[in-house]
Engineer: 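My questions all concern the structure below.
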There are 2 protein chains.
Amino acid sequence: MSAQYGIGDFSKKTNTTVRTLHYYDEIGLLKPAFLSDGGRRYYTDAEIVKLQKIVTLKYLGYSLEEIQEIIHEKDWNLKQSIQFQRGEMIKKKQQIEQMIRTLDHALTIIEDNQTIDATIFISLINSIQMENEHREFLKELIPEITINEIYNIPEEKHKQLSKRTANLFTNLKEAYGQEPSSTSVQHLIDELWQILNDLYPDTKSLIETLMEKDEELTQQLDDSPVLFPSAFNAGEEKWVGQALEIYFKKMGLILDEND
Amino acid sequence: MSAQYGIGDFSKKTNTTVRTLHYYDEIGLLKPAFLSDGGRRYYTDAEIVKLQKIVTLKYLGYSLEEIQEIIHEKDWNLKQSIQFQRGEMIKKKQQIEQMIRTLDHALTIIEDNQTIDATIFISLINSIQMENEHREFLKELIPEITINEIYNIPEEKHKQLSKRTANLFTNLKEAYGQEPSSTSVQHLIDELWQILNDLYPDTKSLIETLMEKDEELTQQLDDSPVLFPSAFNAGEEKWVGQALEIYFKKMGLILDEND
DNA sequence: ATAAGACCTAACGTTACGTGAGATACAAGA
DNA sequence: TCTTGTATCTCACGTAACGTTAGGTCTTAT
């Protein structure tokens, strides 16, 4: 029935470090039962109980400051506090789940695409991450139903499309420099068209709508946040643009000539 | 096609704070394209791409230091890195899920037990939290099968038992001071016995086993970590002990008289 | 030229301790 | 009683990723 422990024994008994006990003393969370004349800390069984309380609350996700309040407030509203805490933890969990989903998606893209370019990869992941913001942005341009059709595709299909896109972008980057009108390049652009159509069956009219609104958009975008990071650098982008133009002309879509 | 932004415009365009850009510059993660004679930072579209990269990797859970390495290492092993990161996130998720489960359990206990004593509450939560450590500890005393029988009870039953325990402990604390041999107190002890039997049908022989090992245990425990925090203070615990003794005697179990 | 913004560089605050460094305190043996 | 050896003490800096003043400087429009 020994009832006094030096800080060392106490730390072993409670599985905490000496430094932690020092710290808790310092911030007034857990003071030792008494001090020796020389200033050493001594603890008793009562402090074990207090520390258990602290450890338990920490385990429930409370910060030391919150624990302070809980311990000193005599009228701690258990239920409300726990419910709030639960909400906070659920939020954290959802964030992490989103991260995991994105990582999974990333792994799908990488899977059979061994030598994927980092820029392409980042841009695809970014587009997944930004999906919600994209939605907000597009909402002002296209009727909502269309947006939902684009984004409510099943997870598995989404992954497959990302994979195809990754492949295509890789091939496009490799083909960079070739004549935009060449058969091989136009073939790649056709694959791009296929992917877009797979995403949304009526891509043609979607593109037309977007082109109409192009001018006001360009203006708006100037000082609003950048949403779509490109997988291509300036040169590549221009080159893809030329190839697209040629492709559209063949299909009967006409593009403005801006630069 | 403006291609230069002051730090303010750049921060708006990329949805980051000026301070963040300062910081990234400071640690060499993202340097501005160039400085004015007066030392002001100017960014171009190239920096937008770099920043997107950083933001994306942060979103995947990487630290800025890791991002540094990823960006500067030319041979970043995407797949391995992402897989590792996924593992880390899964771990975090599991921790949080455990916390949520415990909080749920806590809410069940509180539910219809409006005025529960904080000490009782903490001790019950603590026992949930410590479950795994308990298992390790008990493993040395009791055959494993028994342990599994105790701990593999379904979640719902576990919660109900916690609730009953909370109720019982509350009643016991209220009854503290009454004659241990009185009918009302013995009635409460009987409920304790019922709960224990509900937990594990053959509590009787379990108790006997524990009593046999009592001496060596007491010794061992002296400088090993404390595992079972009590819901009762010293006085209450002694009093419950007396009541238990009387109860056991009536049942034919004999306890050592230690103090 | 001057005033209004935009921007600059410190430098401290945040969380819950970890990690030394150098100075004391205490218990035990000579 | 003196001397060790070990336990413990008090600073005090480091961590991650910025937020937040504070006080001075650059740019630009009038």
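Reminder, nothing fancy here: chain letters follow the sequence lines and each chain counts from 1. This structure is a prediction, so every number in the text was calculated from the model and none was measured.
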Engineer: Take atom CG of A:L35 and atom P of C:dC26, then tell me their distance rounded to the nearest Å.
Structural biologist: 11 Å
Engineer: Could you tell me the separation between the CZ atom of A:F34 and the P atom of D:dT8, rounded to a whole number of Å?
Structural biologist: 13 Å
Engineer: Taking only N and O in the side chain of B:K58, is any of them less than 4.0 Å away from OP1 or OP2 of D:dC18?
Structural biologist: yes
Engineer: Please tell me whether A:R101 and A:Q98 have a donor and an acceptor in their side chains that are separated by less than 3.5 angstrom.
Structural biologist: yes
Engineer: If you compare every side-chain N and O of B:H22 against the phosphate oxygens of D:dC18 (OP1, OP2), does one of them come in below 4.0 Å?
Structural biologist: no
Engineer: Would you say B:T20 reaches D:dG19's phosphate, i.e. side-chain N/O to OP1/OP2 under 4.0 Å?
Structural biologist: yes
Engineer: Taking for each residue the nucleotide of DNA chain D with the nearest heavy atom, is it B:S36 or A:Y42 whose nucleotide lies nearer the 5' end?
Structural biologist: A:Y42
Engineer: Any chance the side chains of B:S81 and B:Y62 put a donor and an acceptor closer than 3.5 Å?
Structural biologist: yes
Engineer: Measure from the side chain of A:R19, starting at C-beta and using heavy atoms only, and say which of C:dT15, C:dT19, C:dC26 lies closest.
Structural biologist: C:dT19
Engineer: Would you mind telling me which of D:dG19, C:dC17, C:dA25 lies closest to the side-chain atoms of A:Y23?
Structural biologist: C:dC17
Engineer: Looking only at side-chain N and O atoms, does A:Y24 come under 4.0 Å of OP1 or OP2 in C:dC17?
Structural biologist: yes
Engineer: Using whole Å, report how far CZ of B:F10 lies from P of C:dC7.
Structural biologist: 13 Å
Engineer: Is the distance from OP1 or OP2 of C:dG18 to the nearest side-chain N or O of A:T17 less than 4.0 Å?
Structural biologist: yes
Engineer: Less than 3.5 Å between a donor and an acceptor, one on the side chain of A:R40 and one on the base of D:dA7, is that the case here?
Structural biologist: yes
Engineer: How close or far is atom C1' of D:dA16 from atom CD1 of B:I27, stated in whole angstroms?
Structural biologist: 10 Å
Engineer: Would you kindly give the OH-to-P distance between B:Y43 and C:dA6, to the nearest whole Å?
Structural biologist: 17 Å
Engineer: If you assign B:R41 and A:D37 each to the DNA chain C nucleotide with the nearest heavy atom, which residue ends up on the more 5' nucleotide?
Structural biologist: B:R41
Engineer: Angle class for the B:Y42/B:F34 ring planes (parallel below 30°, perpendicular above 60°, tilted otherwise)?
Structural biologist: parallel
Engineer: How many whole angstroms separate atom CG of B:D9 from atom C1' of D:dT28?
Structural biologist: 14 Å
Engineer: Measure across B:Y5 and B:T44 and return the closest heavy-atom pair with its distance rounded to 0.1 Å.
Structural biologist: CE1-C, 3.9 Å
Engineer: If each of B:G38 and A:G38 is mapped to the nucleotide of DNA chain D with the nearest heavy atom, which maps nearer the 5' terminus, i.e. the 5' end?
Structural biologist: A:G38
Engineer: Whole-Å distance between D:dT27 P and B:I7 CD1?
Structural biologist: 14 Å
Engineer: Closest heavy-atom contact between B:R41 and B:P32?
Structural biologist: CG-CG, 3.4 Å
Engineer: Atom CD of A:Q4 and atom C1' of D:dA7: how far apart are they, to the nearest Å?
Structural biologist: 16 Å
